[in-house]
Q: 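Encoded as structure tokens, here's the structure I'll be asking about.
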Amino acid sequence: AQTVTQSQPEMSVQEAETVTLSCTYDTSESDYYLFWYKQPPSRQMILVIRQEAYKQQNATENRFSVNFQKAAKSFSLKISDSQLGDAAMYFCAYRALMKGGSEKLVFGKGTKLTVNP
Amino acid sequence: DAMVIQNPRYQVTQFGKPVTLSCSQTLNHNVMYWYQQKSSQAPKLLFHYYDKDFNNEADTPDNFQSRRPNTSFCFLDIRSPGLGDAAMYLCATSRDRGFNQPQHFGDGTRLSIL
């Protein structure tokens with residue numbers, strides 16, 4: 001079964017500094033997608049960044065980038081120049097197509113990021 | 001503009017009293033999902049619809065059911081809520097099936113059981 005592990009329940013960073021959130025996953029499949037979602041307090045979950053497993057190049061979206069290590073099954077998120085608005089719960093998620101065309105999106109337990117002014 | 005709309009934001013029901021949560025979308029997406037997110041836990045997929053085809057997760061309790069009368073609306077019915085069903089319920093959509101399709105989430109409905 002696929003599992004996603006976020007080993008840091010909470011992290012904090014100073015405004016304008018850089019922070020890295022860790023994520024590891026377990027799967028026997030070769031083709032899948034990985035996502036980072038952000039869930040601010042009492043607000044909807046939004047997609048931050050995604051990575052295709054067959055691509056070696058790490059995905060980048062403005063201040064957000066990932067370090068994808070497929071062999072190690074590691075998918076960390078780096079937030080550069082942290083802003084107060086980055087404070088949220090961050091979820092790492094794994095998604096794969098299953099037999100019969102159904103699909104599975106498995107989330108980690110989340111990391112709560114606090115940004116200090 | 002909200003694209004995945006969940007109503008109500010907060011729902012309170014009594015132990016054992018059926019409750020329905022609703023989700024609507026303006027994206028015309030084929031796939032709609034329901035997740036359960038308990039406090040300090042990851043969202044857990046309950047089931048999803050691909051168009052009219054219903055796909056239930058193996059460990060979703062029989063107490064939970066869903067309806068999708070048309071493309072825009074999807075309902076989550078809890079037949080006899082127990083205290084353990086108190087959670088945030090998230091609705092999400094994706095344009096199509098396929099693991100490269102991102103999911104768009106609503107704000108969620110927080111369900112409390114008295």
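Every chain is numbered from 1, with letters handed out A, B, ... down the list of sequences. Small disclaimer: the values here were computed from a predicted structure and weren't measured.
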Q: For the rings on B:F64 and B:F47, is their centre-to-centre separation under 6.0 Å?
A: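 Here the rings of B:F47 and B:F64 have centres that are no less than 6.0 Å from each other.
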Q: Nearest 0.5 Å, what's the CZ-CD1 distance between B:F73 and B:I5?
A: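 It comes to 8.0 Å.
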Q: Quick check on the interface: out of B:Q37, B:R9, B:M88, B:Q6, who has the most heavy-atom pairs with chain A under 4.5 Å?
A: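 Most pairs with chain A among the choices: B:Q37.
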Q: Pairs of donor and acceptor atoms involving the side chains of residues 105-117 of chain A, under 3.5 Å and at least two apart or interchain, shall be tabulated with distances.
A:
from	atom 1	to	atom 2	distance (Å)
A:T111	OG1	A:Q6	NE2	3.4
A:T111	OG1	A:Q8	O	2.6

Q: Less than 3.5 Å apart, which donor and acceptor atoms pair up between the side chains of residues 71-84 of chain A and the rest of the protein, not counting sequence neighbours?
A:
from	atom 1	to	atom 2	distance (Å)
A:K73	NZ	A:T27	O	2.7
A:S82	OG	A:E17	O	2.8

Q: Mind checking the NE2-NE2 spacing from B:H104 to B:H29? Nearest 0.5 Å is all I need.
A: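 Here the rounded value is 4.5 Å.
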Q: Considering only residues two or more places apart or on different chains, which pairs with a residue in residues 61-83 of chain B satisfy side-chain hydrogen bond (donor to acceptor under 3.5 Å, both in side chains)?
A: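 Listed by first then second residue: B:T20-B:D77, B:N63-B:D85, B:R67-B:D77.
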Q: Where along residues 106-114 of chain B does a heavy atom come under 4.5 Å of chain A, listed by residue number?
A: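 Checking residues 106-114 of chain B against chain A gives B:G106, B:D107.
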